Each structure stands twice: as C-alpha cells, then as structure tokens.
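No experiment lies behind these values; they were computed from the predicted model shown. This chain uses plain numbering: 1 for the first residue, then up along the sequence.
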Amino acid sequence: MEKNTVETDFYFESAVIEDEKKVTIFGTKNRLRSDNNKPVVLQTTDGGKNWKKTEIDLDFQATSFDRIDDCVYMVGSIDSGDSAISPVYVPNGNFEKWEYVGMAESPKLGLYYLNKGVSSEKIALLERNAHQDYFDERLCSSDGRMYAHNDRNWIICGDNKTKEVHILYKLGNEYRVHSRFSYKWHWGIGAVYDLEPSDFYAKADVMAGILQFQVSAFQMIHYLYYSVDGGKTWQNEKIPVFAFERLAVTEDKIVVLGFDKFYMQKRGETTILTIPLPKN
C-alpha cells in the first residue's frame, strides 16, 4: 500500500478521483457559517506530491459540495433577510470555473432539487440522478446503505441480523441480492454495533467498498473490501480510520482518498492510498 499525505488549511466537503495521479478535493475556508466563506478547490496531478489550491470567486456564508453519480455540484448559502437562498453551480470545463444553473428548492436526503424555472440540461441531469429508487427494505437491515457512486443500479448495505454485507443489483424494477459476505470475524475485536459504507464502486467484475465498523462506543475500524470476479469471492485490507473517505478504481489499482479534520488547529490532512488490484 502506497501512501501520500498533505496538510490543508480548509474544510473538506467532497472529492473526485479520476485516477491514482489526478485527484480533486472540494471544501470551504471556514468550518462555520461566516462572511466571505469562499469555496476552495485543491488539485493534484502527480498522486499527491504537488497540489494546486484555487479559491472560487463566490462569496457565500456557507457552501456544500456533493456528488451524484459522477456529477459534482456546489450549493451556496446567502443570507437574505430572515432566510437564506441557495444558488446551485456545476463545473464548467474544469473545477476552477463554475456555472450557475438555478436555485435549490429544498434538500431531500442530502440531495437538492432545482427550480425548474431555469432551463438547463445540467439541471435535468441533476434531477434525474437525484431520483431515489425504491427497494425492498427486507434486503437490508437498519445498517447503512449506499449507491455505487458510478452506477445507481448497485447498492451496498448491511444486515445486522445475519452479520452480512449485501450487494444489491437492480433487475427490471426491483433490487435483488447479487453477492453477500460475512463480517462476523470482526467480533474478534469486539461486537460490531454498527456498519456504515463510506463509498462503493461497481463495474463489470470489479467491486470495491469502504466499510466502517463501530466496535465500541469509542472505537471504529475501517476495511476496504474488493472483488475482481463479480462478487463471487471477496478480499479485504484494513486501512487507517479517516473522518471522510472516497475511493476510485483504475485499470490496475484501487485509490482511497482519506481526509481528517483538526478543528482546534484549523487545519486538515489529506491522504492518498493506492492498493494494487489483483488480476482475475
């Protein structure tokens, strides 16, 4: 496992990993709502050896970035009398320039639906991707669940009754269990109270997911699970515990981006891990 770490002076919101060399991180200058809380973009094209920081010339009191499938959007917040308005932007050509596409109506499950009064193909894209598909709740228990960030036909979730992780695939109009594996062996560290996926990728025979296991009130363990045979067999590797995580899969590597916040010191720390992808 290769590791590169850089210290940052802003607060993480989201990220895009194009390959093991090119990574883009999105954040804000300040943790709390404040004037002149400009959005920030941090980019590397050499795997984390060198970074370029860009402040986007937009004045918000607060900013959030999110990713729907492979589409990134930015939602600002501007105080307006007794309320706040929320303009929405998407990248225009690169992540240093952003295009206004409309106002956010209201957040739902962390996703923003845009005012239809502004015509834009990108608004239609965001609204289509924001649609939440229904699936049978019996396929997953109360444990966390997440769509694959590159394909919403796939879902990863946990079943705390059987102590299994389920990989669901959409066939027709319903989801079915495509693959499953046990996580009971984590009990060697302590009973698993909760399981949360922090990112998931699925394409053809390759699947990869980062799973966070809560083994006590004060202890978390994080594991990268991956399969190269369509979910027939699974391998895993323990990784450091990060506050936020994203992953991507290239032709021969799994790339994990981890971010930690140190609020008192007003700084963050970004780490890029690369793991060779086994051949099937």
Side-chain angles (χ1 to χ4, degrees), residues 1-3 15-21 23 67-70 133 135-136 138-172 174-189 192 194-215 220-242 244-258 271-280:
M1 182 187 297
E2 297 182 17
K3 180 178 179 181
V16 169
I17 307 170
E18 297 184 41
D19 54 44
E20 69 269 25
K21 298 294 184 182
V23 176
R67 180 185 62 180
I68 303 176
D69 297 343
D70 287 328
D133 291 310
F135 66 94
D136 192 333
R138 292 173 295 182
L139 298 175
C140 303
S141 69
S142 58
D143 283 344
R145 62 193 64 148
M146 172 177 284
Y147 287 104
H149 70 247
N150 63 307
D151 185 347
R152 284 181 170 259
N153 288 316
W154 294 94
I155 292 174
I156 187 171
C157 61
D159 187 333
N160 58 14
K161 297 177 182 177
T162 62
K163 301 303 176 186
E164 289 180 329
V165 174
H166 291 174
I167 308 298
L168 311 182
Y169 183 67
K170 189 176 183 181
L171 292 171
E174 63 179 358
Y175 284 92
R176 298 180 183 176
V177 177
H178 173 84
S179 175
R180 66 181 78 207
F181 56 87
S182 172
Y183 61 83
K184 289 181 180 179
W185 67 273
H186 289 304
W187 285 11
I189 302 174
V192 176
D194 196 15
L195 177 157
E196 288 283 345
S198 59
D199 207 356
F200 179 50
Y201 171 96
K203 185 176 182 180
D205 286 337
V206 179
M207 303 176 185
I210 301 174
L211 300 178
Q212 307 173 2
F213 297 95
Q214 184 84 41
V215 295
M220 297 280 291
I221 54 174
H222 290 197
Y223 271 82
L224 171 69
Y225 277 82
Y226 53 94
S227 172
V228 294
D229 57 11
K232 295 177 183 177
T233 61
W234 289 85
Q235 301 180 56
N236 64 75
E237 187 163 343
K238 190 175 182 180
I239 63 174
V241 174
F242 298 110
F244 300 95
E245 296 153 325
R246 296 290 184 270
L247 68 76
V249 178
T250 68
E251 185 176 343
D252 58 355
K253 291 183 177 67
I254 300 173
V255 184
V256 175
L257 176 72
T271 300
I272 298 176
L273 306 175
T274 55
I275 300 99
L277 189 65
K279 298 298 182 182
N280 185 11

K.L.:
What's the spacing between Leu168 CG and Asn153 CG if we round to 0.5 Å?
P.N.:
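It is 11.5 Å, given to the nearest 0.5 Å.
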
K.L.:
To the closest 0.5 Å, what do you measure between OG (Ser179) and CH2 (Trp154)?
P.N.:
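One finds 8.5 Å between OG of Ser179 and CH2 of Trp154.
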
K.L.:
Counting distance only, does the side-chain N/O of Asp151 pair as donor-acceptor with the main-chain N or O of Ala202 below 3.5 Å?
P.N.:
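Not a single qualifying donor-acceptor pair exists.
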
K.L.:
Quick check: closest heavy atoms across Thr274 and Lys253, and the distance to 0.1 Å?
P.N.:
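In this case the closest contact between Thr274 and Lys253 is CB-CD, 4.3 Å.
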
K.L.:
If we only count heavy atoms from C-beta on, is the Ile275 to Val256 side-chain gap below 4.5 Å?
P.N.:
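SC-SC contact between Ile275 and Val256 confirmed.
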
K.L.:
Quick check on the 6.0 Å ring-centre criterion: do Tyr225 and Phe181 meet it?
P.N.:
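Centroid separation for Tyr225 and Phe181: below 6.0 Å.
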
K.L.:
Quick check against the 3.5 Å criterion: does Asp199 have a side-chain atom that pairs as donor or acceptor with the backbone of Leu247?
P.N.:
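Here the side-chain-to-backbone pair exists.
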
K.L.:
With distance as the sole test, does Ser227 use its side chain to make a donor-acceptor pair with the main-chain N or O of Thr233 at under 3.5 Å?
P.N.:
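Pair found, side chain donor or acceptor close to backbone of Thr233.
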
K.L.:
Considering non-hydrogen atoms only, spot the tightest contact between Arg145 and Ile155 and give its length.
P.N.:
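Shortest heavy-atom contact: CB-CG2, 4.4 Å.
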
K.L.:
Find out whether Val241 and Ile221 are in side-chain contact, i.e. whether some heavy atom of one side chain is under 4.5 Å from a heavy atom of the other.
P.N.:
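Answer no - side chains too far apart.
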
K.L.:
Would you please test Ile17 and Val255 for side chain to side chain contact (heavy atoms under 4.5 Å, CB included) and show each step?
P.N.:
CA-CA 8 Å; Ile17 307 170; Val255 184; 3.8 Å; yes

K.L.:
Does any part of the side chain of Asp252, heavy atoms only, come nearer than 4.5 Å to the side chain of Pro276, both counted from C-beta?
P.N.:
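No, too far: nothing below the 4.5 Å cut-off.
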
K.L.:
What heavy-atom pair brings Val177 and Arg180 nearest, and what distance separates the two atoms?
P.N.:
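Of all heavy-atom pairs spanning Val177 and Arg180, the closest is CG1-NH2, 3.6 Å.
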
K.L.:
With rounding to the nearest 0.5 Å, note down the distance linking CD in Glu196 to CD in Gln212.
P.N.:
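Rounded to the nearest 0.5 Å, the CD-CD separation comes out at 7.0 Å.
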
K.L.:
Checking His166 side chain against Leu139 main chain: does a donor-acceptor pair fall under 3.5 Å?
P.N.:
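Yes, the answer is positive, given that a donor and an acceptor are paired below the 3.5 Å cut-off.
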
K.L.:
What distance do Ile167 atom CD1 and Met207 atom CE have between them, rounded to the nearest 0.5 Å?
P.N.:
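The CD1 atom of Ile167 sits 6.5 Å away from the CE atom of Met207.
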
K.L.:
State, yes or no, whether a side-chain contact exists between Thr271 and Leu273 at a heavy-atom distance under 4.5 Å.
P.N.:
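Side chain of Thr271 against side chain of Leu273, heavy atoms only: contact under 4.5 Å found.
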
K.L.:
Checking His178 against Arg176 for the side chain to side chain contact (heavy atoms under 4.5 Å, CB included) test, could you report, in this order, the C-alpha distance in whole Å, the side-chain angles of both residues, the deciding distance, and whether it holds?
P.N.:
CA-CA 6 Å; His178 173 84; Arg176 298 180 183 176; over 6 Å; no

K.L.:
Between Ser182 and Thr162, is any pair of side-chain heavy atoms under 4.5 Å apart?
P.N.:
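No, too far: nothing below the 4.5 Å cut-off.
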
K.L.:
Looking only at non-hydrogen atoms, find the nearest pair between Glu245 and Ser198 and report the distance.
P.N.:
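Reported closest heavy-atom pair: OE1-OG, 2.7 Å.
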
K.L.:
Rounded to the nearest 0.5 Å, what's the gap from CZ on Phe213 to OH on Tyr223? Could you check?
P.N.:
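Output value for this atom pair is 8.5 Å.
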
K.L.:
Can you give me the closest heavy-atom contact between Leu277 and Glu251, atom names plus distance?
P.N.:
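Nearest pair, atom of Leu277 first, then Glu251: CD2-O, 4.1 Å.
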
K.L.:
How about Tyr169 and Tyr175: do any of their side-chain heavy atoms sit closer than 4.5 Å?
P.N.:
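Side-chain contact under 4.5 Å: no.
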
K.L.:
Below 4.5 Å, heavy atoms only, C-beta onward: do Ile210 and Phe242 meet side chain to side chain?
P.N.:
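Not touching, per the 4.5 Å side-chain cut-off.
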
K.L.:
How many angstroms lie between atom CD1 of Ile272 and atom CD of Glu20, to the nearest 0.5 angstrom?
P.N.:
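It is 10.0 Å, given to the nearest 0.5 Å.
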
K.L.:
In sequence, state the C-alpha distance, the side-chain angles, and the governing distance for Leu224 and Ile239, and then conclude on side chain to side chain contact (heavy atoms under 4.5 Å, CB included).
P.N.:
CA-CA 7 Å; Leu224 171 69; Ile239 63 174; 4.1 Å; yes

K.L.:
Can you classify the ring geometry of His149 versus Tyr201 as parallel (below 30°), tilted (30 to 60°) or perpendicular (above 60°)?
P.N.:
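Plane angle between 30° and 60°, so tilted.
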
K.L.:
So do the side chains of His222 and Leu211 get within less than 4.5 Å of each other, counting heavy atoms only?
P.N.:
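No, their side chains stay 4.5 Å or more apart.
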
